Amino acid sequence: MCPLGETKLNIPTHLPLSKVFALLANACFLTAFLTCTYNIFVAPSGTKNNQYSMLKTASYIIYKDGSTYIALSGETGAIAYSSTNANYVIQSAIDVLTSGSLYFKGGGETWSLRSGIAIVNKDISIFSEPTLKASASFPSGYMIRLQGVENSRYWLNKLDGNKAENRGDFAGLEILGCKNLEILINTANFYYVDVSMPSGTLENHHIHLNINSDGNGGHASATPIYLYNKNYDIVISGSIENCTRQAIYINQVPLLFLQNLIMKNCSVMGLDIRANSFVGASNIEIDQTGTPATSIGIGVEPNATLMIDGAKIKNVQQYAVENYGTFIGNNVIIDSTQVSHNFLTRGGSDFVLLSNFEILNVIATKYGIWVLDTSAGNHKFINGKITGVGTGLRDQGTLKSIFENIDLTGITTKVLDATKVYHCDGYVTENSGTASSITNATWVSHGLASTPTTVILTPRSQVTVWCIARNSTHFQIGISGGTATIDWIAEYKP
């Protein structure tokens, strides 16, 4: 059962069936939160006549003949509307329907939209072959608005914001108060935002968005996906590249899932998770190659939660993860942060539980994991590996965070400040052994990461023993009563 009732999501895709099934392999990654039923319908291949089954009975088929847009009745084949204005023809067909579907026929063509198209309180699906491109001086608002739509599908081959001609704050696709939607969309060239779910008083429920957004050469304010407020059980997958702000902006979103998602070269941040948001993620990749020195992989603000299973974050310039909220992660790889620290947590209300992780190629003077002095502490990092020429672990917080079973053999400086470091290869905090034929003032190597805080000596014969001195490599045994064999235990617990 899904958290808000049973959900049935269809996955539209133009990929081969083998790819579809690969996508479904990770469809429900947090079963405690999401157990859903997925259907598959396969996009057209081969001839133009091989369309979605839902379009075999399209309410209207719209195509372009020369400079004229024509809408044919799907029932009679008669011409219903025609005009050189694509908006007039499309909106006229929408306005006479209460439900149904529209088929925009014209693969390889580009249709110019002069203003926004709105589907309001109508369950109308769209299959669009041509590129829908905003005309010059397109008005603010949206290219396509879905409001109050339920149980509908959208396959939009491409929405083009025509950024070179437009500097207005309009969205490609705006979704308000909708339920049970399946959307597959390609977007490019938006100055403002590609897909927006601004909510307000209108709630969105059960929406699956598969997006391919390439903002190559985009304007500095481009944020491909914007989600605000009352969005429940939203699933996003696909690819976002070359945006020049956040790939996804998430603010006060109660329930969002990211799966099989790639984010590349987003100049400000990959995921920007603001207060009062809950985000689950599975199988995501963030690659910030070539972004500014201030770029961040994932940012989690106070009172926000991210639960992630399967992520690779690489080539980030500043912080791979900057956490002020709750970060629960498993199978996370951070590689080659270029300028600053890798995993940073702070803020006083922060909490981290990170397991089965790798932090690779930490640069000189920087940290793999850094718990700042403003942190609430009490974090747990277990079963990991850290490599590089910097420092593996630093805990400036309450010194209550636990670091356990982390391989530190490949990092130059193992630990700063942290006190609860257990069973970490390359950083020994507990050791024991047997010293034979010990005489008074003999030095014994302890093999610990630093000077022992405790040395326990147990002789095997009737002599008196004690620890005279200790340093970062050895401890010295005092003995009276003769030579002896001594069992010892040394601990480093700063």
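Since we're looking at a predicted model, the values are computed, not measured. In what follows, every heavy atom counts, from backbone to side chain, and hydrogens, waters and symmetry copies are set aside.
- Sorted by first then second residue, the salt bridge (charged side-chain N to carboxylate O under 4.0 Å, His left out) pairs that include residues 322-346, not counting sequence neighbours, are Glu322-Arg346.
- Not a single ring pair (Phe, Tyr, Trp, His ring centres under 6.0 Å) links Tyr142 to another residue, sequence neighbours left out.
- The side chain to side chain contact (heavy atoms under 4.5 Å, CB included) check on Ser196 picks up Ala171, Val193, Pro198, Tyr226, with sequence neighbours excluded.
- Note on residues 133-147: pairs passing salt bridge (charged side-chain N to carboxylate O under 4.0 Å, His left out), not counting sequence neighbours, are Arg145-Glu174.
- With sequence neighbours left out, Ser112 forms a side chain to side chain contact (heavy atoms under 4.5 Å, CB included) with Ser135.
- With sequence neighbours excluded, no residue forms a side-chain hydrogen bond (donor to acceptor under 3.5 Å, both in side chains) with Asp395.
- Among residues two or more places apart in sequence or in another chain, the side chain to side chain contact (heavy atoms under 4.5 Å, CB included) test is passed with Leu97 by Ser59, Tyr60, Leu102, Ile124.
- Remark: Glu203 engages His205 in a side-chain hydrogen bond (donor to acceptor under 3.5 Å, both in side chains) (not counting sequence neighbours).
- With sequence neighbours left out, Gln91 forms a side-chain hydrogen bond (donor to acceptor under 3.5 Å, both in side chains) with Asp95.
- Counting only residues at least two apart or in different chains, ring pair (Phe, Tyr, Trp, His ring centres under 6.0 Å) contacts with residues 319-345 comprise Phe327-Phe343, His341-Tyr367, His341-Trp370, Phe343-Phe381.
- Remark: Asn157 engages no residue in a side-chain hydrogen bond (donor to acceptor under 3.5 Å, both in side chains) (not counting sequence neighbours).
- Listed by chain and residue number, Thr294, Ile296, Ser340 satisfy the side chain to side chain contact (heavy atoms under 4.5 Å, CB included) test with Gln318 (two or more places apart in sequence, or in another chain).
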